[in-house]
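Starting from 1, each residue takes its place in the sequence as its number.
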Amino acid sequence: MAPADVPPIGARIRRARQERGVSLRALAREVGVSASLVSQIETGKSQPSVSTLYAITTVLGISVESLFEQREPVAATGGAAAVTHALAAFAADPARRIGPLVTGGEREVLELDSGVVWERLGHVPGADVDFLLVTYRPGGSSSTSGGLMRHAGTEYGYLISGELVLTLGFDTYTLRPGGAVCFESTTPHRYCNDGEEPAVGVWFVFSDT
């Protein structure tokens, strides 16, 4: 059963920006990207990279977790009963618990730029934690510009399959199946899949701010 897609995150970003009284140009300036790119992200014409997503949420003072939250019902397409059921469940209060059991067909999915996919593995209300199944497709990277990113929190990752290169500060590590990483997310870092097969792993990012 395929995971259930989450509606585009652009609308949530736009809503958070407007609620905080931040102009589109001001947000773009703080993030370090063009106003055109921010506009395309908000209208769903473009997806942010991992680094841009974290930069936007940092400037707006929101969590990445909040971008998974669905506050209004969304019509399911295709008539698939499983998808309809999943979307109905995800339309509940933002403080809802996802779990304790989350099956493959119930996971919410965020498709990001540069070949990265996040699947939400669960959520406990009040916990500012990103618990994700992460896939870096061949050539996928956390930054389209090749730059390093940094954000609040601590992250832990375990690679299940494929190979992933982690640049952490001035050091470079090759993560292979069975390998794990953990570090403060304020350390400049970048993930990249230079291989020919998807790199899939479980990531746990705790935001302590």
Side-chain angles (χ1 to χ4, degrees), residues 1-6 9 47-58 62-69 97-209:
M1 185 181 299
D5 282 336
V6 175
I9 62 177
Q47 296 299 323
S49 65
V50 176
S51 57
T52 299
L53 182 64
Y54 271 114
I56 288 174
T57 56
T58 298
I62 60 177
S63 68
V64 171
E65 263 286 318
S66 69
L67 297 179
F68 281 97
E69 307 295 358
R97 172 185 292 273
I98 296 181
L101 174 65
V102 180
T103 66
E106 296 172 331
R107 291 199 294 266
E108 296 168 311
V109 179
L110 288 183
E111 291 271 355
L112 302 177
D113 192 19
S114 65
V116 183
V117 180
W118 285 355
E119 298 181 41
R120 194 187 202 192
L121 295 177
H123 173 65
V124 176
D128 195 1
V129 171
D130 304 321
F131 181 34
L132 307 167
L133 180 68
V134 178
T135 299
Y136 282 82
R137 296 180 176 128
S141 171
S142 57
S143 172
T144 53
S145 66
L148 306 185
M149 66 176 178
R150 52 187 300 173
H151 53 90
T154 307
E155 59 189 86
Y156 305 83
Y158 175 83
L159 197 67
I160 299 171
S161 62
E163 190 170 290
L164 201 58
V165 176
L166 167 64
T167 300
L168 184 63
F170 296 103
D171 300 315
T172 300
Y173 305 91
T174 299
L175 193 60
R176 297 183 174 87
V181 294
C182 57
F183 57 90
E184 295 294 330
S185 303
T186 51
T187 305
H189 59 284
R190 176 176 180 261
Y191 295 103
C192 183
N193 179 5
D194 295 327
E196 298 180 352
E197 64 176 284
V200 181
V202 174
W203 253 250
F204 181 95
V205 183
F206 170 69
S207 298
D208 49 10
T209 58

Does some side-chain heavy atom of [Y] sit less than 4.5 Å from a side-chain heavy atom of [X]?
X: Y173; Y: L168; result: yes
X: V205; Y: Y54; result: yes
X: V117; Y: V134; result: no

Can you list the steps and then say if M149 with S142 is a side-chain contact (heavy atoms from CB on, under 4.5 Å)?
CA-CA 8 Å; M149 66 176 178; S142 57; 3.9 Å; yes
Could you check whether S49 and S51, counting side-chain N and O atoms only, form a donor-acceptor pair closer than 3.5 Å?
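The answer is yes; a qualifying pair exists.
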When you check the side-chain N and O atoms of S185 and R150, is any donor under 3.5 Å from an acceptor?
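No, because no side-chain N or O of S185 sits under 3.5 Å from a partner of the opposite role on R150.
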Full working for side-chain contact (heavy atoms from CB on, under 4.5 Å) between T154 and F183
CA-CA 6 Å; T154 307; F183 57 90; over 6 Å; no
Is a donor on one side and an acceptor on the other found under 3.5 Å between the side chain of [X] and the backbone of [Y]?
X: N193; Y: Y136; value: yes
X: T167; Y: T172; value: no
X: H151; Y: A55; value: no

Report the distance from atom [atom1] of [X] to atom [atom2] of [Y], rounding to the nearest 0.5 Å.
X: D130; Y: S63; atom1: CG; atom2: OG; value: 7.0 Å
X: L110; Y: E108; atom1: CG; atom2: CD; value: 8.0 Å
X: L175; Y: L159; atom1: CG; atom2: CG; value: 4.5 Å
X: H189; Y: E155; atom1: NE2; atom2: CD; value: 4.0 Å

Heavy-atom pair of closest approach, residues [X] and [Y]:
X: G122; Y: V102; result: CA-CG2, 4.2 Å
X: A199; Y: E163; result: CB-O, 3.6 Å
X: Q47; Y: E111; result: OE1-O, 3.2 Å
X: P198; Y: T135; result: CB-CG2, 4.1 Å

Can S143 and S141 be said to form a side chain to side chain donor-acceptor pair (under 3.5 Å), step by step?
CA-CA 5 Å; S143 172; S141 171; 5.5 Å; no
Cationic N near anionic O, under 4.0 Å, E106 to R120
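Not counted as a salt bridge, because no side-chain N and carboxylate O are separated by less than 4.0 Å.
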F204: what forms a side chain to side chain contact (heavy atoms under 4.5 Å, CB included) with it, not counting sequence neighbours?
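Side chain to side chain contact (heavy atoms under 4.5 Å, CB included) list for F204, sorted by chain: V129, F131, Y156, F206.
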Side chain to side chain contact (heavy atoms under 4.5 Å, CB included) with W118: which of V64, L67, L133, V109?
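Per the side chain to side chain contact (heavy atoms under 4.5 Å, CB included) rule, the option paired with W118 is V64, out of V64, L67, L133, V109.
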Identify which one of V50, L53, T52, T144 satisfies the side chain to side chain contact (heavy atoms under 4.5 Å, CB included) criterion when paired with D113.
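Of the listed options, the one satisfying the test is T144.
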